[in-house]
Amino acid sequence: MSSVASSTTRRGVLPILDLAVWEKNPTVFAEQLRIACHRVGFFLLRHDMPQEVAQRQLDETRRFFQQSTIEEKLSISYHNSPSFRGYMKLGVENTAGATDMREQIEYAALYSPKDRTRMWPPYERLKHHQNPWPHSHQPELQTATEEYVGHARRISDVIRDALCMALGVHRDTLDPFFGRNCTQNGETDNAIEQEPPHWVLKLINYPVVQTENKQDKSPKFGVGGHTDTNFLTLVLQDDVGGLQVFSEGDWIDVPSNLGPGVLVCNLGEQAEILSGGYFLATPHRVLANVGNKRDRVSVALFYNPLLSATIEPIVDPEQFHSPTNNNPDETTATSALKWERSDFEPWRRKSNAMLSTVGDNTFKSLARSHPEVFQKHHPDLKLLEDGSVVQG
Ligand SMILES: O=C(O)CCC(=O)C(=O)O
Ligand SMILES: [Fe+2]
């Protein structure tokens with residue numbers, strides 16, 4: 001086994017995978033991925049997009065947050081978007097009851113132009129044909145981001161195929177959940193693809209937090225501990241650091257000195273369910289940016305299936321045996337892992353049980369996180385305690 005794969009079994013060290021291995025030998029890559037996703041749920045990925053594309057994405061993101069006036073930022077406010085897209089200022093999001101110390105812009109997949117104002121099911125209303133770009137003062141943000149998303153989506157498609165191989169099923173098994181084919185700029189080619197996977201992109205800024213009031217001992221986070229609800233997340237980060245992963249009982253630091261040629265990847269709850277629990281949706285958090293000289297910038301692509309897809313296991317957890325590895329050490333490690341998995345519970349939101357249809361779950365999460373946008377744009381709907389959305 002290569003040194004890359006063996007690093008996957010070292011406690012406290014995040015596995016590092018290389019897409020070049022997938023190109024040369026998909027079986028070897030799938031095996032490394034299987035171990036990473038079963039044991040850790042997080043891995044670093046040397047990717048194959050041009051590094052300039054990734055660097056430009058970070059630079060344009062930083063420029064937006066550092067150089068725009070508040071009026072320019074608010075000109076693309078998510079308040080004006082029925083599909084919850086646009087700029088969110090510091091303090092509007094919270095995780096586990098604490099305010100996240102970050103500001104962000106949220107973009108998402110593009111769909112065919114159509115009036116979806118009062119459509120049913122409500123998730124149809126998330127399908128927009130436009131994202132709010134800062135055209136007047138930073139048109140480069142759109143160009144950079146669309147190019148970046150095209151690559152990040154293509155890489156996500158590859159990882160999806162590799163995850164199928166890792167589970168011992170045919171590599172197109174997940175196609176009905178995601179559709180196939182995407183164009184370079186992340187937009188839909190309707191001739192080939194009726195509906196795109198519902199990717200969401202967050203451009204995030206974690207401002208330097210001044211060490212405030214000594215009396216206030218409550219820990220602050222850029223984003224508090226959580227598991228992602230989507231299938232796969234790709235994070236491009238600058239070199240400031242602060243991202244941590246909960247693995248084998250400890251919070252471990254994600255290295256931030258590897259440059260824009262490396263993406264941080266993690267699996268979300270949809271991948272855990274689709275794999276019958278074999279892959280982990282691992283808790284992670286970002287420490288508040290205290291004591292650093294610069295803001296931290298990251299760009300997270302949340303790769304989701306089609307909004308209409310229903311998430312259920314594609315492998316039978318009872319029947320499932322590791323497809324390529326019969327090593328008894330691995331079996332022992334796996335049973336230990338199952339026990340440790342209960343440690344994740346504090347970071348799973350109990351009140352936030354996953355709804356099986358991707359669109360229902362996505363709409364519920366957005367409506368819960370942004371009640372004012374929900375009320376403003378969807379006054380005909382009500383969000384019930386259990387997460388269902390009803391008319392009236
Ligand atoms: O900014 C990061 O590095 C990660 C952000 C994250 O985990 C999230 O937004 O879900
Ligand atoms: Fe996350």
Side-chain angles (χ1 to χ4, degrees), residues 14 37 40-45 54 57-58 61-62 64-65 78 84-85 87-88 90-96 98-108 148 152 156 198-209 220-247 251-260 262-272 279-290 292 294-304 344 346-349 352 354 361-362 365-366 368-370:
L14 283 189
C37 295
V40 191
F42 254 81
F43 57 96
L44 300 163
L45 181 71
Q57 178 66 50
L58 287 172
T61 302
R62 181 177 296 281
F64 175 85
F65 290 113
Y78 76 112
F84 304 84
R85 301 167 190 225
Y87 172 74
M88 296 171 200
L90 190 71
V92 302
E93 278 210 324
N94 69 72
T95 305
T99 305
D100 296 333
M101 303 302 286
R102 64 179 187 173
E103 57 181 334
Q104 59 194 0
I105 319 178
E106 199 154 319
Y107 293 124
Y148 177 77
S156 305
H198 190 75
W199 58 265
V200 170
L201 188 79
K202 285 188 186 188
L203 313 185
I204 313 170
N205 189 52
Y206 298 88
V208 172
V209 176
K220 299 246 181 305
F221 293 101
V223 57
H226 66 282
T227 50
D228 289 348
T229 53
N230 57 308
F231 179 73
L232 170 72
T233 309
L234 307 186
V235 175
L236 171 68
Q237 56 163 349
D238 69 7
D239 59 1
V240 172
L243 176 59
Q244 295 187 322
V245 174
F246 189 75
S247 184
W251 286 102
I252 58 175
D253 291 324
V254 176
S256 59
N257 59 354
L258 300 173
V262 170
L263 293 166
V264 184
C265 305
N266 68 280
L267 300 181
E269 289 163 26
Q270 291 168 355
E272 190 166 295
F279 295 147
L280 296 182
T282 303
H284 52 285
R285 66 186 183 189
V286 177
L287 301 177
N289 191 2
V290 179
N292 291 313
R294 312 203 281 162
D295 291 2
R296 173 177 187 261
V297 164
S298 70
V299 176
L301 180 90
F302 299 90
Y303 180 73
N304 281 294
F344 288 8
W347 293 284
R348 297 208 199 263
R349 289 141 296 186
N352 199 19
M354 161 105 65
N361 200 55
T362 308
S365 301
L366 288 165
R368 269 208 183 136
S369 303
H370 307 291

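When a ligand or atom number is given, it counts from 1 through the structure's own listing order.
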Please verify whether a non-hydrogen atom of Arg102 lies at under 4.0 Å from ligand 1. yes
Of the backbone atoms (N, CA, C, O) and the side-chain heavy atoms from C-beta on, which set of His284 has a member under 4.0 Å from an atom of ligand 1: side chain, backbone, both, or neither? side chain
shortest atom 3 (O) of ligand 1-to-protein heavy-atom contact is with Arg296 NH2, 2.9 Å
Please test Val262 against Val264 for side-chain contact (heavy atoms from CB on, under 4.5 Å), starting from the C-alpha separation and ending with a verdict. CA-CA 7 Å; Val262 170; Val264 184; 5.7 Å; no
Tell me whether the centres of the aromatic rings in Phe246 and Trp251 are closer together than 6.0 Å. yes
Any Gln237 heavy atom less than 4.0 Å from ligand 1: no
Note: Asp228, heavy atoms under 4.0 Å from ligand 1, region reported as side chain
Under 4.0 Å from a heavy atom of Val235: which atoms of ligand 1 are those, numbered in the order shown and with their elements? 3 (O)
Asp228/Asn266 under side chain to side chain donor-acceptor pair (under 3.5 Å): CA gap, chis, key distance, verdict: CA-CA 8 Å; Asp228 289 348; Asn266 68 280; 3.1 Å; yes
For the Fe ion (ligand 2), find the closest N/O/S atom on Asp228 and give its atom name. OD1
Walk me through it: do Arg102 and Lys202 pass the test side-chain contact (heavy atoms from CB on, under 4.5 Å)? CA-CA 11 Å; Arg102 64 179 187 173; Lys202 285 188 186 188; 3.7 Å; yes
Given Lys220, Gln244, Met101, the one that forms side-chain contact (heavy atoms from CB on, under 4.5 Å) with Leu287: Gln244
Relative to each other, are the rings of Phe65 and Tyr87 parallel, tilted or perpendicular (30° and 60° limits)? tilted
What's the verdict on side chain to side chain donor-acceptor pair (under 3.5 Å) for Asp100 and Thr95, showing C-alpha distance, side-chain angles and the deciding distance? CA-CA 7 Å; Asp100 296 333; Thr95 305; 2.9 Å; yes
of all protein heavy atoms, closest to atom 5 (C) of ligand 1 is Tyr206 OH, 3.5 Å
Can a side-chain donor-acceptor contact be found between Asn230 and Gln270 if the only test is distance below 3.5 angstrom? no
When you look for heavy atoms under 4.0 Å from ligand 1, do you find them on the side chain of Ser298, its backbone, both, or neither? side chain
Proximal atoms of ligand 1 relative to Phe302 (non-hydrogen, under 4.0 Å): 8 (C), 9 (O), 10 (O)
Distance filter under 4.0 Å to Leu243 heavy atoms, resulting ligand 1 atoms: 3 (O)
Angular separation of His284 NE2 and His226 NE2 about the Fe ion (ligand 2), given to 10°: 90°
Classify the contact between Val286 and ligand 1 as side chain, backbone, both or neither, using a heavy-atom distance cut-off of under 4.0 Å. side chain
Check contact between His226 and ligand 1, using heavy atoms of the residue and a distance below 4.0 angstrom. yes
Whether Phe84 and His370 hold their rings parallel, tilted or perpendicular, with breakpoints at 30° and 60°: tilted
